[in-house]
Amino acid sequence: NVTSMRRTVAKKKATPSSMWYGPDRPKFLGPYSGDTPAYLTGEYPGDYGWDTAGFSADPETFAAYREAELMHARWAMLGALGCIPPELLSTY
């Protein structure tokens with residue numbers, strides 16, 4: 001009875017192939033944006049290098065704001081879904 005073992009090799013971390021991530025991503029004012037804050041590295045969606053008030057300078061605060069934005073987006077999607085039943089019911 002021969003038992004074969006399979007070796008699991010850790011995969012390399014993929015580098016983003018999208019133009020929307022990384023240091024060369026589009027900025028909020030295009031070529032006129034100037035220098036972006038050092039803590040905005042382009043690794044998160046929607047990071048166009050704009051944080052004039054410095055709200056996201058602290059990593060813990062940045063994580064909390066990301067979490068709050070996800071919750072608000074989920075409630076907004078649920079609210080948008082809630083617009084459909086009255087429209088359907090008003091036709092009958």
Side-chain angles (χ1 to χ4, degrees):
N1 192 0
V2 177
T3 304
S4 62
M5 296 181 69
R6 184 173 66 174
R7 184 190 330 163
T8 304
V9 179
K11 295 180 181 179
K12 291 182 184 177
K13 187 174 180 181
T15 57
S17 60
S18 174
M19 66 175 270
W20 302 105
Y21 295 98
D24 297 329
R25 70 198 181 280
K27 304 296 190 305
F28 68 101
L29 286 178
Y32 303 109
S33 294
D35 294 332
T36 58
Y39 52 88
L40 295 177
T41 59
E43 68 178 293
Y44 295 105
D47 178 6
Y48 294 106
W50 183 65
D51 188 20
T52 54
F55 289 133
S56 300
D58 178 34
E60 290 178 12
T61 305
F62 187 51
Y65 286 155
R66 254 190 356 258
E67 181 89 17
E69 186 172 357
L70 282 174
M71 286 303 297
H72 290 126
R74 290 174 183 153
W75 278 108
M77 287 187 279
L78 188 61
L81 182 65
C83 294
I84 295 173
E87 291 294 324
L88 292 175
L89 293 174
S90 68
T91 59
Y92 298 112

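Positions are given from 1, in the same order as the sequence printed here.
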Applying side-chain hydrogen bond (donor to acceptor under 3.5 Å, both in side chains), run through Asp47 and Tyr21 and close with a yes or a no.
-> CA-CA 8 Å; Asp47 178 6; Tyr21 295 98; over 6 Å; no
Any chance you could lay out the side chain to side chain contact (heavy atoms under 4.5 Å, CB included) test for Tyr39 and Asp51, step after step, and finish with the verdict?
-> CA-CA 10 Å; Tyr39 52 88; Asp51 188 20; 2.9 Å; yes
Could you go step by step and tell me if Phe62 and Phe55 meet the ring pair (Phe, Tyr, Trp, His ring centres under 6.0 Å) rule?
-> CA-CA 7 Å; Phe62 187 51; Phe55 289 133; over 10 Å; no
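Scanning for side chain to side chain contact (heavy atoms under 4.5 Å, CB included) contacts around Met19 gives Pro26, with sequence neighbours left out. Residues passing the side chain to side chain contact (heavy atoms under 4.5 Å, CB included) test with Tyr48 are Trp20, Phe28, sequence neighbours excluded.
In this structure, NE2 in His72 is found 12.5 Å from CE in Met77, a value given to the nearest 0.5 Å. The CG atom of Leu40 sits 10.0 Å away from the NZ atom of Lys27 when rounded to the nearest 0.5 Å.
Listed here is the closest heavy atom pair of Thr41 and Ala38: CG2-O, 3.6 Å. Here the closest non-hydrogen pair linking Pro37 and Gly49 is CD-O, 3.7 Å. For the pair Gly82 and Pro85, the tightest heavy-atom approach, listed with the atom from each and the gap, is O-CD, 3.6 Å. What you find for Thr36 and Arg25 is that their closest heavy atoms are OG1-NH2, 4.3 Å.
A continuous path of hydrophobic side-chain contacts links Leu81 to Leu88 [ILVMFWY only; heavy atoms under 4.5 Å].
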